[in-house]
Amino acid sequence: MYIPGLPQLFLIAATAVGVSIAKPANLAPHASTFTNPILWEDYPDLDVFRVGDVFYYSSSTFAFSPGAPVLKSYDLVNWTPVSHSIPTLNFGNKYNLNSATDRAYVKGVWASTLRYRESNDMFYWLGCIENSKTYIWTSSGSGAGKSNGEVPPENWNWKPSGTINTCYYDCGLLIDTDDTMYVAYGNTKIQVAQLSKDGTSQVKSQQVYTPPDNTYIEGSRMYKINNTYYILVTHPASAEYVLKSKSPFGPYERKTLVDSIAGPLPNAGYSHQGGIVDTKDGKWYYVAFMDSYPSGRIPVAAPLTWTSDGWPQLVTDSNKAWRTTYPVPVQTSKTVPPPTGVDRFEGKELSHEWEWNHNPDTTKWTLLPNGGGLELQTATVTNDLFTARNTLTHRIIGPKSHGTFRLDISSMRDGDRAGAVLFRDIAAYIGIHKSSSAAQIVMVDHLSLSSTWSTNSTGTIAATGPTLPADAKEVYLRIQADITPAFSGTTVKRTATFWYSIDGNRWTQVGGGFQLSNDWTFFTGYRYGIFNFATKGFGGKVIVRSFEMELV
Ligand SMILES: *[C@@H]1O[C@H](CO)[C@@H](O)[C@H](O)[C@H]1NC(C)=O
Ligand SMILES: *[C@@H]1O[C@H](CO)[C@@H](O)[C@H](O)[C@H]1NC(C)=O
């Protein structure tokens, strides 16, 4: 089996019994070529930029919390999440997942923007929420400008910095060479706003471009390169156009960067809605996302060349297709941690790989001292996982991986349900249904949300595993998922399977394969998740000792 983007040495074969774990210690930082996708995880609507030696990447997260992750990279290929611009979603009460009718699935953080402003050492995040206001979050005092782009973890310092009463739909921030802040935004009618000196209010806004043929465009990213202003816009879900002008307010000319070009993966959509970024030595790259359901939208990169009159062009193969491999943009000995491996929840905070389903109830979870693990108390009495608070989710690495939770279930109470969920609008889980006399292992499938994101089904018990004694202490729960794209021009369905183990060595599958949905309308791809909710009353808890994600 060939897995793009990874040294093949590290691949392991999964067997039903006695899976051995090999760890990719690092992702070949000295390789001369890279393979698309650059990170096979769902990080859509990317905004990529560079500060010194460090590339940064902001992404949209809908109603997951914390929102708007910030990833970093030294080579534009290996990425790791280092922060979230929105520690707690401050867009209204429904982001707390209050009830079956008061919640925010698919709302929240859509395409938004992040930039570093050197003059005041501040990162600015801006995003329009629910087609209404634009929210601003800032992080000051990072020191990034003076330290080649590096931000020590303790220097991220995100604060809400107000709202602007205009929806900067799909916005892209530019901090000009004279420090003026501009935001390009809108769909079809592209606008540019100029912000006040502190970047928290609007000075003026002007329509700068409307396609003569009214082609639907959105996803603005704004740049100034060689005294010329550029706005990249996408025509979903196939094309990227470049708008170019000598003034931020236009008039803009338009050329096509990509339009329905093949690759780089089969059964995926066209790569589009990206941005451009340069290396320190002046090479330019286009980083875009590829619709890759059931994975979601995953990043791909390709080099650019420039015409003599200042238009970027994508480097493609001889068939004008996106290449699967290109030379690595930056050769560096600096590395970031790999996306796979074990998390034992030993830190003072959750790692930025994790996001809750909506804002969590912070009184109902804690990281135990001395690396004791993650304690999840039941936070909602419900029979509906989509209404239960404090489900913690983790992006799935593709194309095939498993996620394994080691769980202490000894403090579950009668009626509690805890488990490992393959989380999306059509979901399935392996878990424990606890009664006063036993801990029943179950596989539940076809939990579903309707097309308006109300709960359509709380799921059906598809299979049962053994009944553990009521005082059972530990169980390992594993989901193995194939999220290879099956989105475009195919009716292929990918499958996940559900496993448990008592000792962490011998694994037993419960239920059959669960077919993943290739639909895009929920936007977020499948995630691994851990949940614990009550159907009868509060007081129960589980402790998550570890989570391990490995390619298989
Ligand atoms: C910017 O201008 C310089 C000098 O003319 C040129 O070498 C460089 O290629 C230009 N860069 C871009 C991205 O057009
Ligand atoms: C709603 O749930 C039923 C029962 O599981 C299922 O047959 C149907 O396809 C679901 N509808 C949606 C929109 O998910």
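Hydrogens, waters and symmetry mates are skipped; everything else that's a heavy atom, side chains included, is used.
- Of the two cysteines examined, C128 and C171, the SG atoms fail the criterion of being under 2.5 Å apart.
- Only one option out of V287, L76, I298 pairs with I38 in a side chain to side chain contact (heavy atoms under 4.5 Å, CB included); it is V287.
- Of the residues L173, T113, L46, the one that meets the side chain to side chain contact (heavy atoms under 4.5 Å, CB included) test with R221 is T113.
- Cation-pi check for R424 over F522 is not met; the charged atom does not lie both under 6.0 angstrom from the ring centroid and within 45 degrees of its normal.
- In summary, the side chains of D361 and N390 do not present any donor paired with an acceptor at a separation below 3.5 Å, with no hydrogens or angles considered.
- Put simply, the side chain of V315 reaches to within 4.5 Å of the side chain of Y326, judged on heavy atoms.
- With no hydrogens or angles considered, no side-chain donor-acceptor pair links S517 and D519 at under 3.5 Å.
- More than 12 non-hydrogen atoms from other residues, nucleotides or ligands lie less than 6.0 angstrom from NZ of K493.
- Residues P360 and S65 have side chains in contact (heavy-atom distance under 4.5 Å, counting atoms from C-beta outward).
- Cation-pi geometry between R50 and Y56 is not met: the NZ or CZ atom fails to fall both under 6.0 Å from the ring centre and inside 45° of the normal.
- Side-chain contact check for W354 and T393: no donor-acceptor pair (N or O, by modelled atom type) lies under 3.5 Å.
- Below 30°, between 30° and 60°, or above 60°: for W156 and W158 the angle between ring planes is below 30°, a parallel geometry.
- Residues Y57 and P299 are in side-chain contact: their nearest non-hydrogen atoms beyond the backbone lie under 4.5 Å apart.
- Judged purely by distance below 3.5 Å, without hydrogens or angles, the side chains of T455 and D384 pair a donor atom with an acceptor atom.
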Worked verdict on Y285 versus K283 for side-chain contact (heavy atoms from CB on, under 4.5 Å): CA-CA 7 Å; Y285 291 83; K283 291 180 292 185; 3.8 Å; yes
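- Between H358 and Y105, the ring planes are perpendicular. Angles over 60° get that label, and only those under 30° would be called parallel.
- No hydrogens or angles considered: a donor-acceptor pair under 3.5 Å links the side chains of N456 and S448.
- For the pair K244 and W311, the cation-pi criterion (under 6.0 Å, within 45° of the ring axis) is fulfilled.
- Using a 30° and 60° split on the angle between ring planes, H84 and H352 fall in the tilted class, from 30° to 60°.
- A salt bridge between R395 and D42 is absent, with no side-chain N of the basic residue lying under 4.0 Å from a carboxylate O of the acidic one.
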I'd like to know whether S73 forms a side chain to side chain donor-acceptor pair (under 3.5 Å) with D75, so could you lay out the CA-CA distance, the side-chain angles of the two residues, the decisive distance to 0.1 Å, and finally the verdict. CA-CA 6 Å; S73 174; D75 58 8; 3.1 Å; yes
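- Using a 3.5 Å distance cut-off with no hydrogens or angles, the side chains of S401 and Y528 do pair a donor with an acceptor.
- The side-chain heavy atoms of F386 and W453, taken from C-beta on, include no pair separated by under 4.5 Å.
- Residues K189 and E218 are not paired through a salt bridge, judged by the lack of any N-O separation under 4.0 Å between the basic side chain and the carboxylate.
- At a cut-off of 3.5 Å, with distance as the only test, a side-chain donor of H272 or T234 sits close to an acceptor on the other residue.
- With no hydrogens or angles considered, a side-chain donor-acceptor pair links D179 and S119 at under 3.5 Å.
- No hydrogens or angles considered: nothing links the side chains of S245 and S247 as a donor-acceptor pair under 3.5 Å.
- In this structure, T61 contributes its side chain and A68 its backbone to a donor-acceptor pair below 3.5 Å.
- A donor-acceptor pair under 3.5 Å is absent between the side-chain atoms of N226 and the main chain of T228, judged by distance alone.
- Residue K72 is tested with V336, V51, V151 for a side chain to side chain contact (heavy atoms under 4.5 Å, CB included); the sole match is V336.
- Inspection of the K334 and N78 side chains reveals no N or O donor paired with an N or O acceptor under 3.5 Å.
- A cation-pi arrangement is absent between R527 and F423, since the terminal nitrogen or guanidinium carbon is not both under 6.0 Å from the aromatic centre and inside a 45° cone about the axis.
- Using a 4.5 Å cut-off on side-chain heavy atoms (C-beta onward), W79 and F55 make contact.
- You'll find the side chain of L232 reaches within 4.5 Å of the side chain of E240, heavy atoms only.
- For the pair R297 and F289, the distance from NZ or CZ to the six-membered ring centre is under 6.0 Å and the angle to the ring normal is within 45 degrees.
- In this structure, the side chains of S140 and N157 come closer than 4.5 Å at one or more pairs of heavy atoms.
- The closest side-chain donor-acceptor pair between N357 and T391, if any, does not fall under 3.5 angstrom.
- Classification of the Y168-Y185 ring pair by plane angle, with boundaries at 30° and 60°, yields tilted.
- Between the side chains of W125 and S112, at least one donor-acceptor pair of N or O atoms lies under 3.5 Å.
- Two residues are said to be in side-chain contact when any heavy atoms from C-beta on lie closer than 4.5 Å; Y209 and V192 fail this criterion.
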Between N155 and S142, does the side chain to side chain donor-acceptor pair (under 3.5 Å) criterion hold? Intermediate values first, please. CA-CA 5 Å; N155 280 17; S142 70; over 6 Å; no
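- For T256 (side chain) and V258 (main-chain N/O), no donor-acceptor pair under 3.5 Å exists by modelled atom type.
- Side chain of S83 to backbone of V70: no donor-acceptor contact under 3.5 angstrom is found.
- A side-chain donor from one of N90 and W137 sits under 3.5 Å from a side-chain acceptor of the other.
- The aromatic rings of W306 and Y230 lie perpendicular to each other, with more than 60° between the two planes, well past the 30° mark.
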Using the rule given for ring pair (Phe, Tyr, Trp, His ring centres under 6.0 Å), can you reason through F49 versus Y116, listing the C-alpha separation, both sets of side-chain angles and the distance that settles it, and then say yes or no? CA-CA 9 Å; F49 59 100; Y116 178 66; 8.0 Å; no
